[in-house]
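Written out below as structure tokens is the structure these notes cover.
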There are 2 protein chains.
Amino acid sequence: MGLDQGRRSIGARRNPDSADAILDAAEAVLVEAGYSGFSIEAVARRARAGKPTIYRWWPSKAALLFDVYQRLKRVDHPDTGNLEDDLVGFLKSLFSHWRETSSGSIFRSLIAEAQSDATVAAVLAEYTKGRHAHTGQMIERAKARGEVAADVDSTLVADLVASFAWTHLLTNRLDEDETTLRKTVGYVVKGIAPPASSPPAIWQRSRRRRIVG
Amino acid sequence: MGLDQGRRSIGARRNPDSADAILDAAEAVLVEAGYSGFSIEAVARRARAGKPTIYRWWPSKAALLFDVYQRLKRVDHPDTGNLEDDLVGFLKSLFSHWRETSSGSIFRSLIAEAQSDATVAAVLAEYTKGRHAHTGQMIERAKARGEVAADVDSTLVADLVASFAWTHLLTNRLDEDETTLRKTVGYVVKGIAPPASSPPAIWQRSRRRRIVG
DNA sequence: TCTTCGAAACGAAACGGCCCGTTTCGTACA
DNA sequence: TGTACGAAACGGGCCGTTTCGTTTCGAAGA
């Protein structure tokens with residue numbers, strides 16, 4: 001499912017040049033003028049295209065945004081044989097990808113748009129669900145290696161890590177250094193409880209468990 | 001620092017009735033029409049107020065939003081003597097607060113507005129910084145009890161937990177059951193690595209450490 | 001192979017409508 | 001008499017749609 005429900009499909013001959021020019025212009029406008037300056041009229045002016053041409057192929061501003069986003073390269077998930085390295089590497093490349101390309105601006109705009117458009121919210125939810133599944137495979141691989149407990153919900157862990165990335169994107173904090181990322185990932189993988197050595201380990205663990213239950 | 005920079009302060013006699021009516025109307029419009037239907041004109045119509053009256057006291061739509069949000073009750077942080085219970089209780093009450101009052105809609109709108117208004121972004125950043133400090137006190141208390149390692153960055157942990165809450169707010173997933181919240185908190189507190197018993201513990205740990213370093 | 005022709009996409013312009021932020025009124029209250 | 005107030009109107013921008021004349025392209029026919 002996508003956002004292009006409204007497109008004509010019978011007898012339609014879309015002009016590839018025009019479509020590309022519109023997508024190029026949309027990306028440029030978004031980067032240069034930001035989300036607040038992103039309007040169909042601005043894209044049409046920039047692309048030297050008519051508004052009806054845009055509306056013919058994209059039923060909404062969000063659909064155009066989504067197509068622009070999907071043209072961009074995605075960040076893949078590393079497989080180093082160690083979960084912490086995988087997660088840190090993933091966050092590092094995701095952050096730099098968001099920082100150094102237009103992906104960050106575009107994805108931020110998509111999230112913002114989803115707050116006022118239920119259709120965008122649904123599409124975004126489906127998209128992120130798929131991304132979380134991909135990220136979850138890193139955890140599943142680690143589970144197969146014995147690095148992760150068998151009863152861990154890998155999708156939930158992926159959700160937790162992606163949440164960290166989302167809020168840092170939304171709050172202009174994509175410049176975290178590797179140490180911070182590594183600490184964050186470490187908290188998820190190893191937890192924040194003290195190592196089970198300095199005080200008697202059984203005490204620590206049983207004490208935690210007792211109060212939790 | 002706040003968003004009310006533009007307000008007149010010399011010789012101004014603000015009408016409390018009018019200001020309250022405007023804030024009430026803003027909250028009502030936001031809840032009923034959503035973020036997309038939230039406009040100064042709509043608030044003015046609803047409050048039977050003139051637009052200049054709103055602009056006299058609030059320099060921007062975001063400033064009005066922020067004032068509406070700050071009128072609302074905040075969620076406090078529990079102190080049960082156990083970190084996992086504290087964090088789960090915090091998330092539970094935060095989610096239900098966001099779900100059952102207008103706080104959720106308003107905070108979502110603030111985040112969305114911050115994506116197109118740098119001033120809002122700055123104020124929101126400062127606000128969340130303060131909230132993270134509060135949440136971090138839960139971790140600091142646990143640290144004092146020995147539940148958390150001394151070198152753990154409590155602000156970063158608070159950031160991680162709050163990120164989870166933010167994205168669930170932004171993606172309409174405030175209805176997570178307590179089990180999910182407890183699992184998520186457990187991943188942060190205890191980590192996702194398997195208990196150091198079933199396979200030889202030293203192997204597991206040294207193998208992880210070797211590859212990480 | 002070349003020409004013709006109609007369908008469909010195109011750019012440009014204009015429409016009514018909504019909201020922006022501001023200005024100008026007359027009014028009510030201290 | 002000050003000042004805040006409401007109502008109304010301003011120019012401007014963007015929305016999504018409609019109408020216009022033009023261009024492009026593929027299929028039919030010579």
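By convention in this document, chain letters (A, B, ...) are assigned in the order of the sequence lines, proteins followed by strands, and residues within each chain are numbered from 1. Model, not experiment: these values are computed from the prediction.
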Inset, instruction - Starting from C1' on D/dC14, measure out to CD1 on A/Ile54 and report it in whole angstrom. - result: 13 Å
Inset, instruction - Mind calculating the distance between CZ (A/Arg56) and C1' (C/dG11) to the nearest angstrom? - result: 10 Å
Inset, instruction - With the side chain counted from C-beta on, respond yes when A/Thr167 and B/Phe164 share a heavy-atom pair under 4.5 Å apart, and no when they do not. - result: no
Inset, instruction - Give a yes or no on whether A/Arg48 atom CZ has more than 12 heavy-atom contacts from other residues, nucleotides or ligands under 6.0 Å away. - result: no
Legend entry - Interatomic distance where CZ belongs to A/Arg48 and C1' belongs to D/dT22 [whole Å]: 18 Å
Inset, instruction - Under a 3.5 Å limit for both distances, which nucleotide forms a Watson-Crick or G-U wobble pair with D/dG2, could you say? - result: none
Inset, instruction - Under a 3.5 Å limit for both distances, which nucleotide forms a Watson-Crick or G-U wobble pair with D/dA30, could you say? - result: C/dT1
Inset, instruction - Using atom types as modelled and distance alone, determine if a side-chain donor or acceptor of B/Asp86 lies under 3.5 Å from a backbone N or O of B/Thr80. - result: yes
Legend entry - Nearest to side-chain heavy atoms of B/Pro52, which nucleotide of D/dG6, D/dA8, C/dA12: D/dA8
Legend entry - Phosphate-side-chain proximity, A/Trp57 and C/dA8, N/O vs OP1/OP2 below 4.0 Å: no
Legend entry - Flag for A/His168-A/Asp175: side-chain donor and acceptor within less than 3.5 Å: no
Inset, instruction - Ignoring backbone atoms, establish whether A/Thr53 has a side-chain N or O less than 4.0 Å from OP1 or OP2 of C/dA9. - result: no
Legend entry - Partner set under side chain to side chain donor-acceptor pair (under 3.5 Å) for B/Ser96, not counting sequence neighbours: none
For nucleotides 15-21 of chain C, which of its nitrogen or oxygen atoms have a protein nitrogen or oxygen under 3.5 Å away, and what is each distance?
unit_1: C/dC20; atom_1: OP1; unit_2: B/Ile40; atom_2: N; d: 3.0
unit_1: C/dC20; atom_1: OP2; unit_2: B/Ile40; atom_2: N; d: 3.2
unit_1: C/dC20; atom_1: OP2; unit_2: B/Glu41; atom_2: N; d: 3.0
unit_1: C/dG21; atom_1: OP2; unit_2: B/Tyr55; atom_2: OH; d: 2.3
unit_1: C/dG21; atom_1: O5'; unit_2: B/Tyr55; atom_2: OH; d: 3.4
unit_1: C/dG21; atom_1: N7; unit_2: B/Lys51; atom_2: NZ; d: 3.0
unit_1: C/dG21; atom_1: O6; unit_2: B/Lys51; atom_2: NZ; d: 2.7

Inset, instruction - Please name all residues satisfying ring-ring contact (aromatic ring centres under 6.0 Å, His included) with A/Tyr69, sequence neighbours left out, ordered by chain then number. - result: A/Phe107, A/Tyr127
Inset, instruction - Take atom CH2 of A/Trp58 and atom C1' of D/dC15, then tell me their distance rounded to the nearest Å. - result: 18 Å
